[in-house]
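Whatever order the structure lists ligands and atoms in, that order sets their numbers, starting from 1. Positions are given from 1, in the same order as the sequence printed here.
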Amino acid sequence: MMGKRIDGKAIAAELRAQVALETVAIKKQGIEPSLAVVIVGDDPASRTYVNNKKKACAEVGIRSLEFALPKETSQKELEELVQRLNKDPDVDGILVQSPLPKGLDEKAIVNEINPQKDVDAFHPVNVGHIMIGDYKLLPCTPAGIMELLRHENISVEGKQCVVIGRSNIVGKPMAMLLMHANGTVTICHSKTKNLKEICKQADILVAAVGKTKFVTKEMVKPGAVVIDVGMDRDENGKLCGDVDYEAVEPIASAITPVPGGVGPMTIAMLLKNTLTASKQRRG
Ligand code: NAP
């Protein structure tokens with residue numbers, strides 16, 4: 001049995017086309033969806049992410065505004081910018097690119113964002129909505145994964161789901177969304193005992209660890225669906241995931257590659273969230 005490669009790039013393209021259509025429609029009503037992207041300092045990875053996000057916005061007709069601040073920016077200055085964007089009626093979404101330079105309190109900045117404009121869905125109000133299961137804005141990566149599963153007609157109901165990683169941006173919300181989809185969910189982390197055995201039980205295994213080839217063939221049940229969130233670097237500096245793809249692919253029923261799996265979905269969901277935020281706030 002060969003694992004079916006889930007083509008996140010193609011599915012993300014479909015999603016973007018849908019967002020582009022909806023953006024045309026909303027513009028006809030005189031509304032221009034817009035995303036404010038804030039970047040502080042000169043981290044090259046952050047710069048690449050911000051450029052990709054701006055490019056994706058342009059492709060679907062969403063206006064993006066960049067606010068690039070020097071790394072010496074104070075907490076107060078950054079908070080004042082967020083407050084200004086909160087008040088700006090033309091801004092639908094606010095995204096503060098992480099990581100922020102040392103000395104800036106990221107949590108305090110996220111708390112400052114108007115939850116209605118919080119397109120990353122990191123604000124405690126949106127996190128609360130996710131917990132309750134009454135979603136408005138969903139965190140982009142887990143939401144993108146749910147979209148991949150839906151697209152591939154992979155049902156979650158009654159399945160054993162194992163999520164490796166418990167970060168606020170991926171692991172925790174991922175587990176919550178799988179649970180709301182009626183999966184039976186186990187969350188693993190660095191203190192988990194018998195990790196291999198637990199993973200081997202999974203019908204749906206999601207790896208969000210940040211370690212190259214962390215998930216080996218021995219950890220995967222034959223026929224499992226394997227979702228690789230990792231964006232790691234191999235010994236040659238090449239982008240790769242958390243899963244040993246070559247070894248796992250032949251035994252999985254479906255698997256996401258890196259690159260071209262979860263990554264493109266994350267950006268597509270950001271565009272979708274911006275559109276949702278625009279529709280919701282402007283009625
Ligand atoms: P993170 O905040 O560093 O969290 C990593 C998680 O993995 C933690 O919960 C940690 O456990 C757990 N972990 C670490 N070592 C482990 C071990 N030996 N056994 C079991 N669990 C272990 O990372 P993140 O932000 O969630 O990101 C995870 C990966 O996804 C990274 O590669 C990141 O680049 C990637 N990512 C990709 C996208 C995308 O769009 N494709 C988006 C976001 C992130 P503890 O909590 O116990 O420390």
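Considering only non-hydrogen protein atoms, atom 26 (O) of ligand 1 sits nearest to Ser167 OG, 2.5 Å. In terms of protein heavy-atom proximity, atom 3 (O) of ligand 1 is nearest to Val209 O, 4.5 Å. When only non-hydrogen protein atoms are considered, atom 33 (C) of ligand 1 lies nearest to Met231 N, 4.1 Å. Remark: minimum distance from atom 46 (O) of ligand 1 to any protein heavy atom is reached at Arg166 NE, 2.7 Å. The nearest heavy-atom contact from the protein to atom 27 (O) of ligand 1 is Val170 CG2, 4.4 Å. Counting protein heavy atoms only, atom 31 (C) of ligand 1 is closest to Gly210 CA, 3.6 Å. At the top of the distance list for atom 47 (O) of ligand 1, counting protein heavy atoms only, stands Ser190 OG, 2.5 Å. Scanning all protein heavy atoms for the shortest distance to atom 19 (N) of ligand 1 gives Phe214 CZ, 3.3 Å.
Proximity to Thr266 (heavy-atom distance under 4.0 Å) selects the following atoms of ligand 1: 39 (C), 40 (O). Residue Gly263 approaches ligand 1 through these ligand atoms, each under 4.0 Å from one of its heavy atoms: 40 (O), 41 (N). Short contacts between ligand 1 and Gly165, defined as distances under 4.0 Å to a heavy atom of the residue, involve ligand atoms 6 (C), 7 (O), 9 (O). Those atoms of ligand 1 with a heavy atom of Ile169 less than 4.0 angstrom away are 25 (O).
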Original post:
Should Lys200 and Lys196 be marked as a side chain to side chain contact (heavy atoms under 4.5 Å, CB included) after you check the CA-CA gap, both sets of side-chain angles, and the distance that decides it?
Top reply: CA-CA 6 Å; Lys200 189 125 198 172; Lys196 279 200 161 114; over 6 Å; no

**OP:** Could you go through the side chain to side chain contact (heavy atoms under 4.5 Å, CB included) check for Lys4 and Ile255 one step at a time?
**Re:** CA-CA 6 Å; Lys4 181 179 186 295; Ile255 182 166; over 6 Å; no

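Judged by the shortest distance from any of its heavy atoms, Ala208 lies inside the 4.0 Å radius around the atoms of ligand 1. Residue contacts with ligand 1 leave out Cys188, since none of its heavy atoms falls under 4.0 Å from the ligand.
Across the listed options Val229, Ile267, Asp232, Val229 owns the non-hydrogen atom lying nearest to atom 38 (C) of ligand 1. Proximity annotation for atom 20 (C) of ligand 1: of His189, Arg233, Lys211, His189 comes nearest, heavy atoms only.
Looking at heavy atoms from C-beta onward, Ile227 lies in side-chain contact with Leu149 at the 4.5 angstrom threshold. When side chains are defined from C-beta on, Ile109 does not count as touching Leu104, because their heavy atoms never get closer than 4.5 Å.
Rounding to the nearest 0.5 Å gives a distance of 12.0 Å between OG1 of Thr184 and CD of Gln201. Atoms OG1 and NZ, on Thr274 and Lys117 in that order, are 12.0 Å from each other to the nearest 0.5 Å. Ile113 contributes atom CD1, which lies 11.5 Å from atom CD of Gln83 (distance to the nearest 0.5 angstrom).
Between the side chains of Lys53 and Gln97, at least one donor-acceptor pair of N or O atoms lies under 3.5 Å. Inspection of the Thr216 and Glu218 side chains reveals an N or O donor paired with an N or O acceptor under 3.5 Å.
Note: the hydrophobic cluster containing Leu138 also contains Met146 (ILVMFWY, side chain heavy atoms under 4.5 Å, direct or indirect links).
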